[in-house]
Amino acid sequence: MAIIGIDLGTTNSLAAQYTSEGVKFLRNSSGNALIPSVVGLDDEGNLIVGEVAKERLITHPDLTVSEFKRTMGTDLLYELGSQKYTSQQLSSILLKKIVADAKEIIGEEIEEVIISVPAYFDERMRTATKQAAELAGIKCERLINEPSAAALAYLHKHEWKDGTYMVVDFGGGTLDVSIIDSFDSIMEIIAVAGNNQLGGKDFNEAIYNHFCVSNGLNSEDLTPEQQAIIYRMAEATKIALSTNAIANMTVVINEEKYSLTMDNNELIKIAHDVFEKIVVPIKKVLKDSRLKPSDLEAIVLVGGSCKMPTVAAFIEDVTGVKPSTDINPDTAIAVGAGVYTGIKAKNQELKDIVMTDICPFSLGVGARDDNKEISMSFIIERNSMLPCSVSRDYYAVKDRQTEVNFKIYQGESIIPENNIFLGEMKISCPPTREHEFVATVRMTYDINGILIVDLTNREKQTVSKVMLDKKVHLSEKEIEQIKGKLDKLRFSENKDEEEQLLISKTERMIEETMGFDRERFIEALERFKFIMKNGNTIEKRKAKEFLSNLLDQYEE
Ligand code: ADP
Ligand code: MG
């Protein structure tokens with residue numbers, strides 16, 4: 001029985017395991033470590049996940065979904081063939097596949113998973129994530145904040161060197177910045193801030209729009225397929241600019257070629273609002289933790305978007321500190337989640353490491369303020385260390401009050417309704433006069449994200465309740481129902497993922513090219529399918545090599 005760590009990303013996911021030789025990635029059968037977080041159906045209506053599905057985003061947009069993590073914990077539905085699924089259900093499908101692959105690689109049952117989530121995920125998003133695992137039939141008690149995971153990866157590599165660190169995690173759809181302290185093997189998160197609507201996607205969109213404007217194209221006149229092709233090329237251009245001074249973007253639309261040449265200066269110009277938004281959480285964590293950049297031992301960059309030299313330079317500009325580049329931004333979080341499984345399993349080499357976590361949001365109750373208006377009374381404040389337990393006393397708002405009612409919220413707004421409503425509790429009390437003590441509210445929030453609220457009145461009677469966000473917390477019955485729906489879906493039987501991937505890639509190429517190139521891909525695909533059906537093992541291997549080379553040549 002094994003425990004594995006999973007970086008369940010917006011864009012890419014990756015599983016890792018802690019072994020006596022260190023952290024091992026659980027690569028899928030096509031040999032790739034990163035698994036695109038994409039779910040789709042193949043032509044027979046069977047599930048496909050990861051790279052194969054990602055390749056079909058353009059050719060089969062109605063049968064493929066991506067970036068669903070952005071709406072985790074909401075009721076938003078994604079259409080996939082004739083059915084509709086929530087982000088949680090799609091994540092569950094993705095997790096099922098990751099765990100099935102991991103089981104095959106390790107050769108052991110997976111007993112439990114630890115999933116990383118953005119520190120900025122609220123209670124609703126966290127519960128939805130855990131239940132996504134439950135829907136996939138996988139045990140998940142513990143989540144780890146992505147920045148904590150990144151810090152674990154960094155400190156694991158640097159032998160738990162003492163100091164205060166800033167972790168900037170800039171992925172496809174989220175930005176998380178955090179401050180982490182490490183002293184005597186005790187790791188402590190001091191502050192977190194972020195923006196869960198900012199990521200590499202925003203650069204892609206900026207390039208997409210720039211491309212359309214420069215070429216006199218109106219995005220609204222384009223088909224979804226054409227839009228998807230431009231979008232893909234926009235992302236490729238952004239990635240090319242991470243290693244080249246200049247990048248060229250060419251897209252064929254209705255048999256006509258459109259191009260754009262750009263450099264990093266241009267990128268900074270067209271995406272200046274994205275850069276401006278990066279500063280906000282960086283300033284916020286420094287302010288929250290009362291630190292100056294010079295107090296930092298290192299700034300650790302993780303997430304695919306930190307591979308952009310413009311982003312790294314920008315962060316250096318803002319902080320005056322040159323960020324460290326010695327951990328791989330793509331895999332750091334999975335490594336950290338893997339290290340954490342080792343800590344949780346009390347592995348010998350990690351037995352002295354203690355990791356604490358913080359509450360990324362505030363918790364409190366709605367209470368009447370001095371102006372008799374209901375406003376938030378914060379009990380556990382954002383960035384409090386977990387586990388924690390805090391209590392506050394409340395006083396009668398009128399004479400002869402015999403009962404008090406508390407509405408419990410999570411969030412930072414002074415106006416309770418702007419926060420997430422978690423539930424309501426009441427307790428009776430002996431009749432009191434206005435301003436006299438009526439009850440104590442104690443909130444206890446643990447490292448697994450479980451909130452317990454106790455109300456105690458003057459007679460020392462107590463009522464307790466585990467607070468769950470009802471909007472997202474599913475009952476046993478609901479879980480069984482959704483499981484039933486998901487279990488009906490079969491994973492594609494085609495075991496040969498390499499073959500599937502080559503076919504999807506070639507189909508995409510046929511869509512993206514024209515004229516001679518297109519003819520070449522059509523011919524190659526027909527030939528390939530024929531050999532896969534009729535050839536012997538050697539012929540099949542050769543055909544795969546041939547097609548794979550052809551695709552590589554073209555993509556270069
Ligand atoms: P997530 O945590 O959201 O799953 P990742 O950390 O894997 O995301 O980052 C994905 C984002 O990183 C995408 O927007 C992708 O375009 C971008 N990205 C990946 N590699 C590069 C690169 N070499 N240069 C620029 N951006 C990159
Ligand atoms: Mg990530």
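Both ligands and their constituent atoms are indexed starting at 1 by order of listing.
Within the listing of ligand 1, atoms 25 (C), 26 (N) sit less than 4.0 angstrom from a heavy atom of Met308. Which parts of ligand 1 touch Gly303 is read off a 4.0 Å heavy-atom cut-off, strictly below it: atoms 6 (O). Of all atoms in ligand 1, numbered sequentially from 1 with element shown, those under 4.0 Å from a heavy atom of Gly173 are 3 (O). Every atom of ligand 1 with a heavy atom of Gly200 under 4.0 Å away is listed here by number and element: 14 (O). For ligand 1 and Gly9, the ligand atoms under 4.0 Å from any heavy atom of the residue are 4 (O). Atoms of ligand 1 found under 4.0 Å from any heavy atom of Thr10, numbered from 1 in the order shown, are 1 (P), 3 (O), 4 (O).
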- [ ] Report the C-alpha distance between Lys69 and Glu146 in whole Å, list the side-chain angles of each, state the deciding distance to 0.1 Å, and finish with yes or no for salt bridge (Lys or Arg N to Asp or Glu O under 4.0 Å).
- [x] CA-CA 14 Å; Lys69 179 176 168 180; Glu146 286 169 8; 2.9 Å; yes
Task: Derivation of the side chain to side chain contact (heavy atoms under 4.5 Å, CB included) call for Leu94 and Leu90 - done: CA-CA 6 Å; Leu94 178 58; Leu90 294 165; over 6 Å; no
TODO: Could you check Tyr18 against Tyr340 for ring-ring contact (aromatic ring centres under 6.0 Å, His included), going step by step and ending with a plain yes or no?
DONE: CA-CA 8 Å; Tyr18 191 84; Tyr340 196 44; over 10 Å; no
Open item on the list: Walk me through whether Phe121 and Phe361 qualify under ring-ring contact (aromatic ring centres under 6.0 Å, His included).
Closed with: CA-CA 9 Å; Phe121 254 28; Phe361 36 71; over 10 Å; no
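Under 4.0 angstrom from ligand 1, the non-hydrogen atoms of Ser305 come from both its backbone and its side chain.
Here the heavy atom of the protein found nearest to atom 20 (N) of ligand 1 is Lys307 CE, 3.2 Å. Of the protein's non-hydrogen atoms, the one nearest atom 14 (O) of ligand 1 is Lys238 NZ, 3.2 Å. Nearest protein heavy-atom neighbour of atom 24 (N) of ligand 1: Ser242 OG, 2.6 Å. Distance from atom 7 (O) of ligand 1 to its nearest protein heavy atom, with residue and atom name: Asn12 ND2, 3.1 Å. Annotation: atom 9 (O) of ligand 1 to nearest protein heavy atom, Gly304 N, 3.2 Å. Here the protein heavy atom with the shortest distance to atom 4 (O) of ligand 1 is Thr11 N, 2.7 Å. Of the protein's non-hydrogen atoms, Gly171 CA, 4.0 Å is the one closest to atom 2 (O) of ligand 1. Of the protein's heavy atoms, Gly172 N, 3.1 Å lies nearest to atom 8 (O) of ligand 1.
With salt bridges taken as basic N to acidic carboxylate O contacts below 4.0 Å, none links Lys130 and Glu134. A salt bridge links Lys344 to Glu112: at least one charged side-chain nitrogen sits closer than 4.0 Å to a carboxylate oxygen. Ion pairing of Arg56 with Asp42 is absent here, as no side-chain N (NZ or NE/NH1/NH2) approaches a carboxylate O to less than 4.0 Å. With salt bridges taken as basic N to acidic carboxylate O contacts below 4.0 Å, none links Glu55 and Arg232. Salt bridge annotation for Glu499-Lys544: absent, with no cationic side-chain nitrogen under 4.0 angstrom from a carboxylate oxygen. In summary, Asp288 and Arg382 engage in a salt bridge, as defined by a charged side-chain N under 4.0 Å from a carboxylate O.
Residue Glu235 has at least one N or O atom closer than 3.5 Å to an N or O atom of ligand 1. In terms of N/O distances under 3.5 Å, ligand 1 is not approached by Phe170. Distances between N or O atoms of Thr174 and those of ligand 1 include no value under 3.5 Å.
Looking at Asp75, its side chain never comes within 3.5 Å of a backbone N or O of Thr86 through a donor-acceptor pair.
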